[in-house]
Amino acid sequence: GAGVSQTPSNKVTEKGKYVELRCDPISGHTALYWYRQSLGQGPEFLIYFQGTGAADDSGLPNDRFFAVRPEGSVSTLKIQRTERGDSAVYLCASSMDRRNGYTFGSGTRLTVV
Amino acid sequence: KNQVEQSPQSLIILEGKNCTLQCNYTVSPFSNLRWYKQDTGRGPVSLTIMTFSENTKSNGRYTATLDADTKQSSLHITASQLSDSASYICVVSAHREVPAPKTSYDKVIFGPGTSLSVIP
């Protein structure tokens, strides 16, 4: 596609439930990043994929968070046993390589009630 | 510790006026610095990117400067418009080598952003 697509755009879930957030990067972009942005703050790094492999998952806050990119294109961020503190906008970005800019999606706004 | 700081936290200016936003960083090894504009409810959009050897980059009414010695950058907005109201985020990348899978990539560190409001 022309840009990075994230679905759903909004997700409201109950505390303790499981959620999946999807990111469709720009076709051909091998690098994919997930970020989390709380209200009034800059994005916080979660995980970086190079192809199918997670090259850096040091930003995942705990083992309730997990992300996959099985075919090197679409990525899914999975959150188990959601907590109210997980409420944030989850941003995905993709890049051809580090010399070029990252293109961000519009994000998924997750609200845990 | 890799950090990016921005000032001011928020700024209100009259339409048509100029303004300058500041970014200080302690990121090593430095790869590049980007300024992003983020409208409310949208993902960040890139304005400029500068590497170590570049000290200025313009994009329309936006001009970014970089002093790699003092590790400072600024974003100057000329003749502001109401549509410039947004959060402006300074993003600094540090180069990382990963042994497995063998690759290199940029570790991206975001600043907290400056919230700019342009009023008529």
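Please read all numbers here as calculations on a predicted model, not as lab measurements.
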Exercise for the section: Please report the closest heavy-atom contact between B:Pro44 and A:Leu91, naming both atoms and the distance. Expected result: CD-CD1, 3.9 Å
Problem - Atom group of B:Gln9 that falls short of 4.5 Å from chain A, counting heavy atoms - result: neither
Practice task
Indicate if A:Val4 and A:Val74 have the same hydrophobic cluster label, given that clusters are the connected sets of ILVMFWY residues with side-chain heavy-atom separations under 4.5 angstrom.
Solution key: no
Practice task
Name the region of B:Ser115, side chain, backbone, both or neither, that has any atom closer than 4.5 Å to a heavy atom of chain A.
Solution key: neither
Problem - Proximal component of A:Glu44, with respect to chain B [non-hydrogen, under 4.5 Å] - result: neither
Exercise for the section: Check the surroundings of atom CG in B:Leu82: do more than 12 heavy atoms from other residues, nucleotides or ligands lie under 6.0 Å from it? Expected result: yes
Exercise for the section: May I ask you to test the B:Ser93-A:Tyr102 pair for a side-chain heavy-atom distance under 4.5 Å? Expected result: yes
Handout entry: Heavy atoms from other residues, nucleotides or ligands near OH of A:Tyr18 exceed 12 (cutoff 6.0 Å)
Key = yes
Exercise for the section: Mark yes when over 12 heavy atoms from residues, nucleotides or ligands other than B:Ile12 sit less than 6.0 Å from its CD1; otherwise mark no. Expected result: no
Exercise for the section: For atom CZ of A:Phe66, decide whether the heavy atoms of other residues, nucleotides or ligands shown that lie under 6.0 angstrom number more than 12. Expected result: no
Exercise for the section: Could you check A:Tyr33, A:Tyr35, A:Phe45 and say which one makes a ring pair (Phe, Tyr, Trp, His ring centres under 6.0 Å) with B:Phe110? Expected result: A:Tyr35
